[in-house]
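A note on names: the letters A, B, ... follow the listed sequences, proteins ahead of strands, and every chain is numbered from 1.
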Amino acid sequence: MNKKSLFNKVYIKSSFDRETSAKVFDYYFEELKKIVICDRLLLMDEIGVFEVEHRPMTTVKDLKKGAEILLPPKDKIKFRPSESLINALKD
Amino acid sequence: MTRINIIKSIVLKFSLEETAVENFIDTVTGKMLEAFRKGKGVNIPGFGKFFVVPKTVSGVKVNTVAFSPARKFADSVNDDFSDLVPEIISAGSLKVKNEIRVAEVPYEIEGMDFTYFVFDEAEIQEPAEIQEPAEIQKPEEVSGQSETHKEEETLPVEQESFEIPEDKLTETEEFDLQTGEDQVMPAITAVAEKEKITVIETKPALPVKQTMSDESGYSVQGEVPVPPEPGLIAPESEQDILIVDKVITEVQQESPEPESLVADEDRDIIIPGDISEENINKEEDIILIDVIPAEKAGMDLEAVGPGHLFPDVLKDETTSYEIEREILDLLKEREDLIASLNLFVSVSAPEKDISSVPGETVIEEVIAKETEPSEKTFEEILPEVSEITPAEEIIIPPSFESEEEIHHKEEIRPVEEIHPEEGIYPEEEIYPEEEIYPDEEIHLEEEIYPEEDVLQELPPEAGYEEVFPVETEDIKESIEELPPVEETTRELISKTELDEEVKKRIDELEQLARLRDEIQKEAVLETGNKEMQVFEKLIDETETETETETETEIIEIPEIIIREQEEEEPASLTDALQEIDHVDAVRQTGAFEDTKDDNVKSYDDVFDTAEQHVVPQFLTDEGRKLTPQSYLKFFLYLFFIFLLATFSFYMYKKILMVPDSPSLVDTTGTSDHDSLKTLITGIDSAEMQEEGISMLEDIEVERDGDIIYRKMNDEYRIQISVFQNLADADKFIMNLKEKNFEAKIERADMPMGRTEYRIVVGTFTTLDEAKSYYNSRSMILNFIKVLTPANSGLYLM
């Protein structure tokens, strides 16, 4: 499902007009991004948790070729689905 | 908390109802969950993508949701460490190139994608090799001095990187050579042009230390010892000159010069038996061994014996004849030499070259020896005489004369002057002594020689002393009575006479050469093609061509003759026919031969060769011309072919094509054949039914071009097309069925044993219905008909 199809489905059930619903839709995800960047944590009740993880500088070894690679530190976004979502998918 | 905060912010920003915003957000999450439940992912650009991924937890497959953020979103999160790049610490067995990445844009600019210039390892190492101080070695290579190289190795590091300019390099070279020996410089260069050995020998003597120490900017740290080589002297200017001179003289001694050869030529006269030990040096021994002709001459003299030395003694005719032949051969050789000399003289000045004739030098030497004091004893003189006597070396004036001239002189010579036995000895003519001395003295000298009987008694190889054992005193007296030799020789053999004779001989030879060239040219002209000459005359007469032609052009002559016979093209066919008739008439009467011009000569008239028989083949062929008879023949031929083709076709149709079954069906479907329907149903075999081919005959109701509406059992059908070949009909049916037409094939046996396969579509209750159906689908049906054309058969005729 892409953004357009999702928006159409939401727009059908919403009470707003198309422009406002589109604006609200975009703004909602922009707010989610801001929260993740600033707070490094986002809790969505029925979906899951977005968390920013810090990976320190590590050395990785290629087992096949024996090459050691030095990876720099990095901040990653990690998503953990909620239990309700996993249970919903089980059904 | 987050959810509430987001709703509040949306409400504040867009001034919407809070409940409506809550519902909106709930619907968004609800639709996303629906998608996840369906196993579909959700992609929201700028935020990220959710996947439904199967996962095994404690041996049970469970679907979970994974999230991959968008690049911008991830970069914005990882903004603090975005500049860092992973690095390879140890390559291991990886074949990874050592790359150096250089950013084109500085890192300070944010949000820019940098472009990197990648360099290979080999490219990186090249400049390091170039930076090595190899250029400093150049002056050492130029000067060729190993000492300077050692000194520069001891230079400090700062000076190693300093590059010596080319101007300074030349200065150092010059200074090396000029220090203390400016005068030696040209001598060394002059010798160096001849041989490099001289330069190599002088160079180690040069003061290397002084040159390097005096030069500004090249301070020498410590003295580098120069090992003195043996045999070399201190680098003083005068001594160097002496060394150079010595070297030059040595070089000159190594290469033999013509002067030593001249000295050897002097030795040619010496007989090996007479060589005293005083005259023999080591060098002379070598020279005598090298000079083979001199030894050969001496050996020949010994082998021949005294008879050769004194030919007056020989009176046998056979021996004299052999001697004559030898003399003539020698004379020929001399003439050849003179001819070669003439060639040389024609190039350079004649007088100087004539003086360098080897025979003349020998004569001068003989004269010089004859001019020696005549007080010598006969034994002292005799070897010289024996040197002179061989005709090979002394005969010069007669050598410039031909054989006829020699005989002519014999005839002219008065009889009184000739000795009675002179005719037996032709070599006397050659002897200068005989001409030198007056007749009386010659007579006295001849008396000295022993008689014929004495010689016959003696052995042939006896020496001179054995031949002349006595009368030495008489000989001494006769020698005293002889006139001085210098006067007589100079009277007869003078340079002017020799020069004149040589010039005359040269002129004669030149004239002979000219005559030979002329004779050769005449021979070439005479042996030329006679046909060419005749043909040139012919061309002159006809004035067709003025210039002489080659043999290849002769082949083109028949074309010229054909052009004379060619006629202009007729304007129309009638003119052409008239002209043909006229020419035929003329040929029949033979007037054409009468009208031929006798003055015009053709190639065949002139030459009676094999080509004559070939040339008429190129003339025009009378049989190839188009005549009314030929036209008639052509049309008759075509008509005959047409008749043959029709007859063969008829025979094919009638005889070869036998119908499989009798004609039972009438295409018209009249009532006369209604009774045949039962027969048709019986004939309709099971195989035909399987193929979908029906053999039911129906009645033609209406025809609209190719389309025929047929009726059978109160049902109407549309006949779209007819095929004589079942395969074509099958193809057409397949195309119709693809377009959802209810079509089938009907076979109909026609008269003349032929069969038709009719393509029939549908069953309609009324005719109007069938027409409307066809009108609505006529385009498609016609298109299918075009796609599957029927094979044209002979039945179409």
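- Proximity to chain B involves both the backbone and the side chain of A:Phe25, based on heavy atoms less than 4.5 angstrom apart.
- Looking at A:Lys23, both its backbone and its side chain come within 4.5 Å of chain B, counting heavy atoms on both sides.
- Both the backbone and the side chain of B:Phe73 come within less than 4.5 Å of a heavy atom of chain A.
- Both the backbone and the side chain of A:Ser21 come within contact range of chain B, judged by heavy atoms closer than 4.5 Å.
- Heavy atoms closer than 4.5 Å to chain A are found nowhere in B:Ile7, neither backbone nor side chain.
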- Show your reasoning for whether side-chain contact (heavy atoms from CB on, under 4.5 Å) applies to B:Leu33 and A:Leu85. CA-CA 7 Å; B:Leu33 286 169; A:Leu85 179 62; 3.0 Å; yes

- Task: Check the pair A:Tyr28, B:Phe24 against side-chain contact (heavy atoms from CB on, under 4.5 Å), reporting the backbone distance first and the verdict last.
- Result: CA-CA 10 Å; A:Tyr28 173 68; B:Phe24 186 85; 5.7 Å; no

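- Note that the CG atom of B:Asn5 and the CD atom of A:Glu31 stand 9.5 Å from one another [nearest 0.5 Å].
- Of the atoms belonging to B:Asn23, not a single heavy atom falls under 4.5 Å from chain A.
- One distance of note links CD1 of A:Ile86 with NZ of B:Lys55; it measures 7.5 Å at 0.5 Å rounding.
- Contact count versus chain A (heavy atoms, under 4.5 Å) is highest, among B:Lys40, B:Met32, B:Lys49, B:Lys38, for B:Met32.
- A:His54 contributes atom NE2, which lies 9.0 Å from atom CG of B:Asn78 (distance to the nearest 0.5 angstrom).
- Listed options B:Val42, B:Thr27, B:Val65, B:Val62 were ranked by heavy-atom pairs under 4.5 angstrom with chain A; first place goes to B:Val65.
- Annotation: maximal heavy-atom pairing with chain A below 4.5 Å, among B:Asp80, B:Ile44, B:Asn63, occurs at B:Ile44.
- Minimum interatomic distance between A:Leu6 and B:Lys31 (heavy atoms only, all atoms of both residues): CD1-CB, 3.5 Å.
- Using a 4.5 Å cut-off between heavy atoms, A:Phe29 contacts chain B through both its backbone and its side chain.
- Only the side chain of A:Ile35 comes within contact range of chain B, with at least one heavy atom under 4.5 Å from a heavy atom of that chain.
- Options A:Asn2, A:Leu43, A:Leu41 differ in how many heavy-atom pairs under 4.5 Å they form with chain B, and the most are formed by A:Leu43.
- Options B:Asn43, B:Val21, B:Thr29 differ in how many heavy-atom pairs under 4.5 Å they form with chain A, and the most are formed by B:Asn43.
- Atom CD of B:Glu17 has 12 or fewer neighbouring heavy atoms from other residues, nucleotides or ligands inside a 6.0 Å radius.
- Shortest non-hydrogen contact noted between A:Val24 and B:Phe14 is CG2-CD1, 4.1 Å.
- Distance CG/A:Leu32 to CD1/B:Ile6: 4.5 Å, rounded to 0.5 Å.
- At a 4.5 Å heavy-atom cutoff, the contact between B:Val77 and chain A is made by backbone and side-chain atoms alike.
- Taking CZ of B:Arg3 as the start and CG of A:Asp45 as the end, the distance is 6.5 Å to the nearest 0.5 Å.
- No more than 12 heavy atoms of other residues, nucleotides or ligands shown are found within 6.0 angstrom of CZ on A:Arg80.
- Neither the backbone nor the side chain of B:Lys61 has a heavy atom closer than 4.5 Å to any heavy atom of chain A.
- Summarising the local packing, CD of A:Glu46 is surrounded by 12 or fewer heavy atoms from other residues, nucleotides or ligands at distances under 6.0 Å.
- Across every non-hydrogen atom of B:Ala66 and A:Phe79, the tightest pair is C-CD2, 4.4 Å.
- Between B:Glu87 atom CD and A:Ile69 atom CD1 the span is 11.0 Å, to the nearest 0.5 Å.
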- Chi angles and distances behind the side-chain contact (heavy atoms from CB on, under 4.5 Å) call for B:Phe81, A:Arg55: CA-CA 11 Å; B:Phe81 311 105; A:Arg55 189 195 66 191; over 6 Å; no

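- Scanning both residues, B:Ala74 and A:Ile77, for their nearest heavy atoms gives CA-CD1, 4.3 Å.
- A distance-only check finds a donor-acceptor pair linking the side chain of A:Lys33 to the backbone of B:Gly46 [under 3.5 Å].
- Ranked by heavy-atom pairs under 4.5 Å with chain A, the list B:Phe50, B:Phe36, B:Phe47 is led by B:Phe47.
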